[in-house]
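Values below: every heavy atom of this structure, side chains too, minus hydrogens, waters and symmetry copies. None of the values given here were measured: they were computed from a predicted structure.
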Amino acid sequence: MTQTTATYDVCAVGNAIVDVLSPCDDAFLIAQSLTPGSMQLVDETQSAALYDAMAAGVEASGGSAGNTVAGVGSFGGRAAYVGKVAPDTLGGVFTHDIRASGVHFDTPVLKDGAGTGRCLINVTPDGQRTMCTFLGAANQLGVEDIDADLIGSSAIVYLEGYLFDPAPARAAFEAAAAAAHKAGRKVAITLSDTFVVARWRAELLEFIAQSADIVLANEGELAALFETEDFDAAATKLAAMVKIAAVTRGAEGSVIISGDQRVAVAAYPVAKVQDTTGAGDQYAAGFLLGVARGLTLEQSGKLGSLAASEVIAHWGPRPMVKLADLAAENGLTLKA
């Protein structure tokens with residue numbers, strides 16, 4: 001089976017989360033004992049208390065990999081998603097939103113368990129986000145939820161690093177990677193967060209070495225993975241482990257390495273950064289779609305940068321304009 005026969009460009013496996021975004025000041029973060037810019041896990045009680053304290057905001061389907069496939073759909077790509085929600089109000093919101101993005105989603109709901117996951121995101125005036133996540137049903141994903149036929153019919157299966165925490169989900173990762181490789185497909189993983197890397201560094205390195213073809217990371221995650229602030233040294237180590245390594249560097253753009261090839265891609269200018277939530281997720285959307293369609297590393301990186309620039313210019317983690325139109329306006333075309 002070759003990539004040209006793929007039903008889907010990207011099938012993502014991730015935490016199905018509904019985001020709650022609210023503006024705040026530094027004093028609020030201090031009062032709530034939150035570390036600015038961090039992502040921490042909270043239980044249902046903590047989540048409810050913080051939700052009550054937060055300012056009025058926006059509720060939108062999120063989850064890192066969910067945001068990515070929504071971006072793929074916005075580009076006109078063919079995307080599928082595997083993630084767990086509960087049969088509750090937020091679960092209905094998530095399901096509606098992701099399907100409305102043109103994404104195939106039919107993972108069985110969690111019966112008789114925790115509620116749908118939610119991420120409470122407080123955004124300071126500089127656009128930095130501080131996240132508190134109650135995973136709920138999201139981290140109950142297991143091997144039984146991996147449809148080998150779905151994975152096998154996708155050019156790239158994209159695994160969300162946040163889902164590396166629960167052991168059943170990690171087993172699901174292994175199953176998805178095995179199904180992808182059996183069908184001759186590519187396996188991509190995003191490192192997601194420096195805290196994820198710190199918790200599971202050895203296990204992540206092992207998974208990357210054995211199962212990943214493509215790794216996406218930001219500078220901080222890359223540094224945490226190899227325990228060095230030497231960017232070039234860390235990037236070289238990562239590139240030696242996988243076919244393609246793409247590392248985002250914020251306003252400095254991104255660096256993509258494949259074998260002896262190293263491509264630097266500039267960030268697209270943004271008039272004002274409103275909210276960085278979803279920037280890495282949308283970069284992944286453009287980049288992975290480009291790779292799935294056989295574009296060059298530079299073209300793929302430009303699609304990623306363009307999607308990231310769109311999402312940081314407004315509130316929320318998903319595109320507000322059709323990325324396919326934005327790509328055309330910027331002279332970036334996707335092969336069918």
Side-chain angles (χ1 to χ4, degrees), residues 10-17 35 38-43 63-66 68 81-84 107 114 117 119 131 133-146 148 151 156-182 185-231 233-248 257 280-281 284 288:
V10 180
C11 176
V13 182
N15 277 325
I17 301 283
T35 302
S38 67
M39 195 293 280
Q40 68 182 76
L41 299 178
V42 295
D43 61 28
S64 174
T68 294
Y81 182 75
V82 178
K84 207 78 168 167
T107 308
C119 183
M131 302 184 286
T133 303
F134 167 60
L135 292 170
N139 72 345
Q140 301 301 309
L141 190 81
V143 172
E144 67 279 3
D145 295 309
I146 300 301
I151 298 296
I156 298 173
V157 59
Y158 178 59
L159 307 173
E160 179 187 315
Y162 282 129
L163 203 52
F164 210 76
D165 277 307
R170 205 178 312 163
F173 270 21
E174 303 281 1
H181 285 145
K182 185 177 180 181
R185 307 302 189 181
K186 290 186 173 71
V187 175
I189 186 170
T190 171
L191 299 185
S192 291
D193 190 281
T194 54
F195 299 98
V196 172
V197 178
R199 283 193 294 273
W200 303 108
R201 181 176 172 271
E203 292 85 351
L204 275 167
L205 283 168
E206 182 180 5
F207 181 85
I208 289 167
Q210 293 183 358
S211 302
D213 303 296
I214 303 167
V215 172
L216 291 100
N218 64 28
E219 276 187 289
E221 293 152 8
L222 179 69
L225 187 65
F226 293 105
E227 297 182 323
T228 176
E229 295 300 321
D230 185 332
F231 177 83
T236 300
K237 283 184 179 179
L238 181 59
M241 297 174 70
V242 293
K243 291 185 177 71
I244 302 173
V247 185
T248 55
I257 308 175
D281 303 335
L288 292 173

Enquirer: A quick test of your reading: do over 12 heavy atoms of other residues, nucleotides or ligands sit less than 6.0 Å from CD of Gln40?
Expert: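 Yes, the 6.0 Å shell around CD holds more than 12 heavy atoms from other groups.
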Enquirer: Roughly how far, to the nearest 0.5 Å, is CD1 of Ile214 from NZ of Lys186?
Expert: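 Nearest 0.5 Å value for the NZ-CD1 distance: 6.0 Å.
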Enquirer: SG of Cys11 to CD1 of Ile146: how many Å apart, nearest 0.5 Å?
Expert: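 Answer for the SG-CD1 pair, Cys11 versus Ile146, is 7.5 Å.
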Enquirer: Check the orientation of Phe164 and Phe207. Use parallel for under 30°, tilted for 30 to 60°, and perpendicular for over 60°.
Expert: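 Answer is perpendicular, since the angle exceeds 60°.
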Enquirer: Looking at Thr190, Asp281, Asn15, which one forms a side-chain hydrogen bond (donor to acceptor under 3.5 Å, both in side chains) with Ser64?
Expert: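 When side-chain hydrogen bond (donor to acceptor under 3.5 Å, both in side chains) is applied between Ser64 and each of Thr190, Asp281, Asn15, only Asp281 qualifies.
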Enquirer: Is the closest side-chain heavy-atom distance between Leu225 and Val215 below 4.5 Å?
Expert: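 Leu225 does not reach Val215 side chain to side chain.
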Enquirer: Are the side chains of Arg185 and Val157 in contact, using a 4.5 Å heavy-atom criterion?
Expert: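 Val157 does not reach Arg185 side chain to side chain.
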Enquirer: Rounded to the nearest 0.5 Å, how far apart are CG of Asn139 and NZ of Lys84?
Expert: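 Taking CG in Asn139 and NZ in Lys84, the distance rounds to 11.5 Å.
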Enquirer: For the OG1 atom of Thr248 and the CG atom of Asn218, what is their distance to the nearest 0.5 Å?
Expert: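 Answer for the OG1-CG pair, Thr248 versus Asn218, is 5.0 Å.
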Enquirer: Could you check Phe226 against Leu205 for side chain to side chain contact (heavy atoms under 4.5 Å, CB included), going step by step and ending with a plain yes or no?
Expert: CA-CA 9 Å; Phe226 293 105; Leu205 283 168; 3.9 Å; yes
Enquirer: Can you list every pair that meets salt bridge (Lys or Arg N to Asp or Glu O under 4.0 Å) and has a residue in residues 202-221, with sequence neighbours left out?
Expert: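 Of all non-adjacent pairs touching residues 202-221, those that pass salt bridge (Lys or Arg N to Asp or Glu O under 4.0 Å) are Asp213-Lys243, Glu219-Arg249.
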Enquirer: What is the distance from atom CD1 of Ile189 to atom CG of Leu216, rounded to the nearest 0.5 Å?
Expert: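 Going from the CD1 atom of Ile189 to the CG atom of Leu216 covers 10.0 Å.
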